[in-house]
Amino acid sequence: MSKRQNPVMRDGISRRSFLGGAALAVLGASSLTLGGCGSQGSGSASYLPESWDEECDILVVGYGGAGAAAAITATQEDLGKVLVLEAGPEGTEGGNTRVSGNLMFIPDNASDAVTYQKALNGPYEVEDELLQAWADELVKNVEWLEDLGATMKSMPLFAPEFPEVEGSKSAKTYCVDGKFSMPSLWEALKEQEEALGFAVRYGHRATKLIHDPETREVFGVSVQTEEGAEKKIKASKGVVLACGGFENNLEMMKTYYELGCSEVRPVGTPYNRGDGFSMIEPLGAKLWHMNNTAGNGYYVRSGGAEVENVGPFAFSGKDYIYVGPDGKRFMYEEKTGLARHGKIYERGTWITMPTPTPAYAIFGQKSFDAAPVVTTNVQASFMCANKLYLAEDNQSFVDKGVISKADTIEDLAEAIGYDPQVLKDTLEAYNASAASGTDGEFGRGEAVYDSFSMANNVAGDAGGDGDGAFVAIEPFTLEAIEGPFYAIELVPRVLNTQGGPKRTAKGEVTDTEGSPIPRLCAAGEFGCVYSYMYNGGGNVSEALSSGRTAVRTIGSLEPWDSTESGK
């Protein structure tokens, strides 16, 4: 009778050595025979399927940047036969990597990267060993992508995003082909699928990890196909979970996201539904960073009912205001663009930017006539990249009900469910401010200074003196809002969640006691090291580096179905 080899050893002692005699007896009885697709597992191992629908050495769940990097690395380095599962249909793959803007944070050296990220993590500490491993692999991304044939160009954007923080001078960002807001990075990764020949199964949503309930050793995955069929896929070396976060799982967002913001919607892939969390829960995985997200702010709905996703918007004029649930203004409107991936500096600390809901932008005829409010000319969102618009001009969006229109402010209030008198008072107070040239409530129109300015960053001036030297918002003249009146709903948006299972420096998923769960690794946004703040492009870059780390760890293991003689 063959015995499965233990993938996790501690000081020469297997984790199973600590099991009781009864448990050892069960393990001894649950050995497997080696076979191809459809081969029988051991009848005594009740947790194993009677047969497998498909087999591989390394199973990668998720085909975004982390999953692609894992599959590419496994194939290039001959780590074993790799199979990738993608929940979305073909054409929607790529995860958040495809629609993130193509930007990657890649510091000049690992030492400064650790110093910088440790400062950004602040009081939400990450162990030095994990940060060092993150940095050591992250700085290799330029060379790795160039080896794939990609043309890497440094960018001024978010280089650095936090210039006042120690270690920031080595912070650099890159785009493939120097094209921001385009899918060039994903295209470079996607090309490798055909070039290297690894297999991807589209419309395959992983639902459960097939594992030993005693040791938690992972043997494969249960899958539901888009046709509704259930499959069991065997992974003889192990599984890499690169399945992203939970930003399109409203129940999880209500549990872990900022309280008072119950309608947040994702900018990225709608297939980040938190599937990985239900998969790891039975194995007792330790979770971390569940309360941290990137990119809080406001976007607008496309009007497409098939995908609850949001995209960017912009006003060409200044005749608009934002109103919250009470029908009153709540901020200097242009300051939404000053959040650093969702964080703003408030009273000596960085907090998630408040986004009260329901909220609307109320605007006048000048902005309506000037240009489309809903932005359709960028790719840095799933909605834009997949053209999920019912229309592309303002009048068409009125016709579709995305933009509300009324001749009077009272009628507009009725249309969007606000108190007519309150909204009228708000508008009249703002128009009075516009007439006087001074916004006494929020100071709108006055110059705003910051140590980081997106405008200066894009222009290539990424320095600053750390004392608010950048003019983040140039002063401007207030404009009255004149009828007919328009309103478009502002939806709190999130780029991605950062939480997931805690990992070791080798990418292994750990249990609540800190021990690795055998044959299970994670990569990408599913439990990354970003615990508080992070530099723009950090998630995409970390997806690539952690995907390589995780798959190398799994690829180094002996197959669980191998015999003692190696057969």
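A salt bridge does not link Lys179 to Glu187: none of the charged nitrogens lies less than 4.0 Å from a carboxylate oxygen. Salt-bridge check for Asp128 with Lys118: passed, with a basic side-chain N closer than 4.0 Å to an acidic carboxylate O. Look at Glu193 and Lys190 and you find a salt bridge, because one of the NZ, NE, NH1 or NH2 atoms lies within 4.0 Å of a carboxylate O, short of that distance. Comment: Glu164 engages Arg340 in a salt bridge, judged by a side-chain N to carboxylate O separation of less than 4.0 angstrom. For Glu542 and Arg503, the salt-bridge test passes: some basic side-chain N is under 4.0 Å from an acidic carboxylate O.
Between Tyr298 and Arg493, the shortest heavy-atom contact is C-CG, 3.7 Å. When all heavy atoms of Asn535 and Leu120 are compared, the closest pair comes out as N-CD1, 3.9 Å. Contact record, Asn102 with Ser184: ND2-CB, 3.6 Å, taken as the closest heavy-atom pair. Across Gln498 and Cys528, no two heavy atoms sit closer than the pair OE1-SG, 3.0 Å. Residues Val84 and Gly62 share a closest heavy-atom pair of CG1-O, 3.8 Å. Closest non-hydrogen pair, Gln192 versus Ala188, comes out as CG-O, 3.7 Å.
Under 3.5 Å, the side chains of Tyr530 and Trp134 contain a donor-acceptor pair of N or O atoms. With 3.5 Å as the limit, one finds no donor-acceptor pair spanning the side chains of Asn96 and Asn496. Looking only at atom types and distance, the side chain of Gln132 has a donor-acceptor partner in the side chain of Asp136 under 3.5 Å away. With hydrogens and angles left out, the side-chain atoms of Glu247 and Asn272 include a donor and acceptor closer than 3.5 Å.
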task = Before giving the answer on salt bridge (Lys or Arg N to Asp or Glu O under 4.0 Å), spell out for Lys343 and Glu161 the whole-Å C-alpha distance, their side-chain angles and the decisive distance to 0.1 Å.
result = CA-CA 11 Å; Lys343 303 295 192 299; Glu161 186 167 359; over 6 Å; no
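When atom types are taken as modelled, the side chain of Thr173 and the backbone of Leu157 share a donor-acceptor pair closer than 3.5 angstrom. Side-chain atoms of Ser168 come within 3.5 Å of backbone N or O of Pro163 as a donor-acceptor pair. A donor-acceptor pair under 3.5 Å is formed between the side chain of Thr553 and the backbone N or O of Lys506.
Under a cutoff of 6.0 Å and an axis angle of 45°, Arg444 and Tyr322 do not form a cation-pi pair. Stacking of Arg548 on the aromatic ring of Trp144 is recorded, both the 6.0 Å distance cut-off and the 45° axial limit being met.
Taking the six-membered ring for Trp, Phe246 and Tyr256 have ring centres closer than 6.0 Å. Proximity of the aromatic rings of His341 and Tyr534 is defined here by a centroid distance below 6.0 angstrom, and this criterion is met.
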